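Single-structure report; data block below.
Both backbone and side-chain heavy atoms feed into the values below; hydrogens, waters and symmetry mates do not. Naming convention: chains lettered A, B, ... in sequence-line order (proteins, then strands); numbering from 1 in each chain. Since we're looking at a predicted model, the values are computed, not measured.
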There are 4 protein chains.
Amino acid sequence: MRDGQSTRRRIDDAALRLFVAKGVTETSVRDLAQAAGIAEGTLYRHYASKDDLVADLFAGNYAAFARRLAGLERLDDVVAEVFRFHDENPTLFRFLLLVQHQALPRVPDGADNPVSVLKALIERGIREGAITLTDAALGTAMVLGLMLQPATAVVYGRLDPPLSRFAATISAACWRALNPPKDTDHA
Amino acid sequence: MRDGQSTRRRIDDAALRLFVAKGVTETSVRDLAQAAGIAEGTLYRHYASKDDLVADLFAGNYAAFARRLAGLERLDDVVAEVFRFHDENPTLFRFLLLVQHQALPRVPDGADNPVSVLKALIERGIREGAITLTDAALGTAMVLGLMLQPATAVVYGRLDPPLSRFAATISAACWRALNPPKDTDHA
Amino acid sequence: MRDGQSTRRRIDDAALRLFVAKGVTETSVRDLAQAAGIAEGTLYRHYASKDDLVADLFAGNYAAFARRLAGLERLDDVVAEVFRFHDENPTLFRFLLLVQHQALPRVPDGADNPVSVLKALIERGIREGAITLTDAALGTAMVLGLMLQPATAVVYGRLDPPLSRFAATISAACWRALNPPKDTDHA
Amino acid sequence: MRDGQSTRRRIDDAALRLFVAKGVTETSVRDLAQAAGIAEGTLYRHYASKDDLVADLFAGNYAAFARRLAGLERLDDVVAEVFRFHDENPTLFRFLLLVQHQALPRVPDGADNPVSVLKALIERGIREGAITLTDAALGTAMVLGLMLQPATAVVYGRLDPPLSRFAATISAACWRALNPPKDTDHA
DNA sequence: TATGAATGAGCCTTCATTCAT
DNA sequence: CATGAATGAAGGCTCATTCAT
């Protein structure tokens with residue numbers, strides 16, 4: 001370690017930054033080593049391969065994010081927490097978005113998957129009658145869209161940060177998306 | 001030309017398919033040539049470079065998509081049209097999603113940009129009093145999310161196609177997202 | 001044929017120009033076709049291959065040049081004729097210089113080889129006692145150098161054209177190079 | 001490193017040899033790697049590109065050659081030194097000849113340019129009255145020709161090595177070329 | 001642990017040449 | 001004769017990974 005930061009940490013930080021800025025495939029091990037201030041070979045003392053680095057980086061942070069959401073009882077709190085997470089570290093948020101979308105092995109459903117956590121909450125809402133929409137998968141997709149697309153707009157500069165200031169508006173939109181006027185719900 | 005299909009067309013079809021399946025960077029010119037049933041060099045009689053192929057493929061279809069939306073007057077029609085476009089050619093839809101997100105040069109606003117078309121429609125709604133939400137950029141992001149995330153869910157098998165069957169539900173959700181209860185709208 | 005110029009001629013002119021400007025290997029058949037205003041395939045109606053074009057172009061002009069020198073009786077006339085040839089068509093002159101130097105198959109000695117013609121003249125001078133230097137090969141090299149290096153200087157802009165104005169000075173230098181003071185001639 | 005020779009050195013030696021034997025463009029990186037006993041990628045640890053290798057090889061040796069000539073006071077010494085340089089490493093000599101002629105960026109005048117060093121010497125001779133020819137550029141070209149064309153003859157087997165044995169004869173020829181009979185000097 | 005030179009497979013692209021029209 | 005799309009071998013170069021130090 002050096003400068004009060006472990007080599008591992010330096011690699012992770014550089015990786016996150018470069019992956020978001022240039023894309024995973026477009027970032028070479030040489031780029032990573034240079035940005036982290038280490039030798040190329042050193043990376044392999046910490047990760048078995050570049051793919052491994054990507055997978056570890058994703059899995060760890062994705063699960064940590066899921067755990068942040070896991071305890072929450074209300075949809076409003078989920079939206080607020082997601083936005084807070086984004087505002088704390090937009091780069092990490094963007095990395096999760098990016099890599100999830102891309103050619104990576106699908107993460108299985110479960111407690112480590114933020115999407116699963118959200119879906120479970122919605123399913124409970126439906127079961128308990130608090131949500132009238134009957135299709136939980138559709139509801140999850142809509143709520144996801146209401147959160148992620150504004151986040152993307154912030155990333156691309158089409159909306160000014162912090163994202164948190166939209167929490168109330170978007171919470172309301174989520175709520176109403178999940179509780180459509182009777183005759184609009186599809187069979 | 002051969003087999004009643006122009007070489008150009010064969011390249012475009014193969015490219016769309018492979019780019020979506022494996023990613024743009026992950027698809028080699030070798031892959032493309034093989035899938036299109038042509039020699040590697042032949043690709044360069046039709047496109048100046050691989051990048052050019054990607055850019056042309058994107059620009060052409062993105063603009064065509066924008067034009068499909070350009071004439072529509074109502075948000076419901078936009079949602080229906082977007083979903084119809086998706087159901088007609090999910091691969092093309094996914095390609096546009098994928099490449100837009102990636103490291104490509106940002107497409108300027110205007111009539112050739114579907115997002116701009118949507119935003120203009122929302123702005124008109126706000127101006128005319130049909131929409132009470134005051135932030136058009138936020139509204140655009142929410143509507144986009146309500147359409148794209150369910151589309152993504154279909155692509156990933158978390159929702160069964162066709163996407164069109166959700167049109168009514170999602171239109172309603174869009175509408176209500178754009179017309180929040182008074183006290184939820186942020187300043 | 002077109003524009004009063006045969007296709008063959010158009011190819012030859014373009015080839016000479018491009019070969020001199022960019023080098024033979026660096027000039028592609030595509031370049032040639034474009035510069036000559038013909039299709040790529042058309043070149044092969046006139047030459048069996050690109051190598052053939054180069055060889056024909058060289059052999060024809062090299063031999064023609066040799067024939068221009070063949071009848072001359074005096075060294076002064078050779079110098080004057082070489083310089084006149086250069087000034088008439090510097091590009092052609094430069095092409096012969098360039099290609100001779102390069103990886104082309106060596107041209108055999110004989111009447112079609114300007115160097116052989118020059119050497120024969122010098123050998124006759126030695127035989128007849130007009131030249132005191134005994135090594136004809138060395139004499140040929142020196143005379144060649146006295147002509148070609150000033151020509152090269154003109155090509156590179158280190159000397160102002162026309163080359164012909166140096167004819168007298170260089171003729172004199174050639175003559176004195178071939179007739180060294182007694183004790184300087186090597187054994 | 002391996003076999004008591006640095007990788008860099010192995011590359012340089014192989015490059016010099018192949019460039020002279022087949023030409024620069026005609027020598028592929030594959031050829032170079034094979035001849036040097038290294039992997040293709042290894043070349044790029046030492047040079048940024050093939051062009052870079054050529055340029056470095058030329059610039060370094062050209063300048064070193066110029067420095068060998070820089071201190072000399074007499075034209076005889078220059079001729080002797082040039083010929084000694086040739087006889088020590090004909091391949092290197094030929095490489096400098098070849099590449100200088102070719103499409104490389106022109107080397108600026110100055111202390112690192114052997115031609116400039118020669119020209120400066122001749123200019124001094126003219127200034128000091130030791131040389132009667134008034135055109136220094138022409139004189140430089142002639143002296144260059146008297147040295148280089150015999151060297152070329154040796155390379156092509158038209159003259160037997162070593163070149164040094166012609167030093168006296170050629171020095172005399174240079175001297176007389178620079179001091180023409182009065183009425184032959186051009187205006 | 002850390003290093004960085006070496007590797008060789010694979011990438012994008014160019015090229016001379018062919019051939020159906 | 002002329003065309004130009006198609007070819008596929010070869011070119012220069014990059015890359016993730018290994019290993020002796």
Side-chain angles (χ1 to χ4, degrees), chain A residues 1-2 6-8 11 25-34 36-54, chain B residues 1-2 6-8 10-11 25-34 36-53, chain C residues 1-2 6-8 11 25-34 36-54, chain D residues 1-2 6-8 10-11 25-34 36-53:
Chain A
M1 90 194 75
R2 220 192 311 164
S6 75
T7 300
R8 176 74 167 245
I11 293 173
T25 311
E26 287 72 16
T27 300
S28 68
V29 170
R30 198 175 226 171
D31 291 337
L32 287 171
Q34 194 156 0
I38 59 167
E40 290 175 55
T42 301
L43 192 145
Y44 291 86
R45 294 279 166 194
H46 297 269
Y47 293 100
S49 68
K50 182 188 164 188
D51 276 0
D52 225 58
L53 161 61
V54 177
Chain B
M1 91 196 75
R2 219 192 313 164
S6 78
T7 301
R8 176 76 169 243
R10 297 163 69 97
I11 293 172
T25 313
E26 288 71 17
T27 300
S28 70
V29 170
R30 197 106 73 207
D31 293 336
L32 287 171
Q34 194 156 3
I38 58 167
E40 286 177 58
T42 300
L43 193 146
Y44 292 85
R45 292 270 172 191
H46 297 269
Y47 292 101
S49 68
K50 182 188 163 188
D51 275 2
D52 223 60
L53 162 61
Chain C
M1 96 192 73
R2 217 191 314 164
S6 75
T7 300
R8 176 75 168 243
I11 294 173
T25 312
E26 288 71 16
T27 300
S28 69
V29 169
R30 200 176 224 170
D31 292 335
L32 288 171
Q34 195 157 0
I38 59 167
E40 291 176 55
T42 300
L43 192 144
Y44 292 85
R45 295 275 166 198
H46 296 268
Y47 292 101
S49 68
K50 182 188 163 188
D51 276 1
D52 227 58
L53 162 60
V54 177
Chain D
M1 92 195 75
R2 219 192 312 164
S6 77
T7 299
R8 177 75 169 244
R10 297 163 67 98
I11 293 173
T25 312
E26 289 71 17
T27 300
S28 70
V29 169
R30 204 101 75 202
D31 292 336
L32 286 172
Q34 193 155 3
I38 59 167
E40 285 176 60
T42 301
L43 193 146
Y44 292 87
R45 293 271 172 189
H46 296 269
Y47 292 101
S49 68
K50 182 188 163 188
D51 275 1
D52 224 59
L53 162 60

side-chain N/O [X] vs [N] OP1/OP2, d < 4.0 Å:
X: C:T7; N: F:dA2; result: yes
X: D:T42; N: E:dA5; result: no
X: C:S28; N: E:dT14; result: no

Taking the side chain of [X] as its heavy atoms from C-beta onward, which of [options] lies nearest to it?
X: B:R30; options: E:dC11, E:dT14, F:dG8; value: E:dC11
X: A:R45; options: F:dC13, E:dA2, E:dG8; value: E:dA2
X: C:A39; options: F:dA16, F:dG4, E:dC12; value: F:dG4

Using the rule given for side chain to side chain contact (heavy atoms under 4.5 Å, CB included), can you reason through B:L53 versus B:L32, listing the C-alpha separation, both sets of side-chain angles and the distance that settles it, and then say yes or no? CA-CA 11 Å; B:L53 162 61; B:L32 287 171; 3.8 Å; yes
SB check A:R45 A:E40 (cutoff 4.0 Å):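 Looking at A:E40 together with A:R45, the answer is no, because their closest N to O distance does not fall below 4.0 Å.
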Quick one: does C:K50's side chain have a donor or acceptor within less than 3.5 Å of a partner on C:T27's backbone?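 A pair under 3.5 Å: yes.
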Counting distance only, does the side-chain N/O of C:D31 pair as donor-acceptor with the main-chain N or O of C:S28 below 3.5 Å?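 Confirmed, C:D31 side chain pairs with C:S28 backbone.
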For B:H46 and for D:V29, find the nucleotide of DNA chain F with the closest heavy atom, then tell me which residue's nucleotide is more 5'.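 The answer here is B:H46.
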First of B:G41 and D:A48 reached from the 5' end of DNA chain F, by closest nucleotide: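 Going by which nucleotide is closer to the 5' end, it is B:G41.
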Starting at the 5' end of DNA chain E and moving along, which residue's nearest nucleotide shows up first, B:S49 or C:S49?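 Of the two residues, B:S49 wins.
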Just call it for B:T25: base, sugar-phosphate, or nothing, with non-hydrogen atoms closer than 4.0 Å on any strand.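 Touches nothing.
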Mind checking who F:dT21 pairs with, Watson-Crick or G-U wobble, both distances under 3.5 Å?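 Paired with F:dT21, as far as the under-3.5 Å criterion goes, is E:dA2.
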Do B:E40 side-chain and E:dC12 base share a donor-acceptor contact under 3.5 Å?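 Check fails, no donor-acceptor contact within cut-off.
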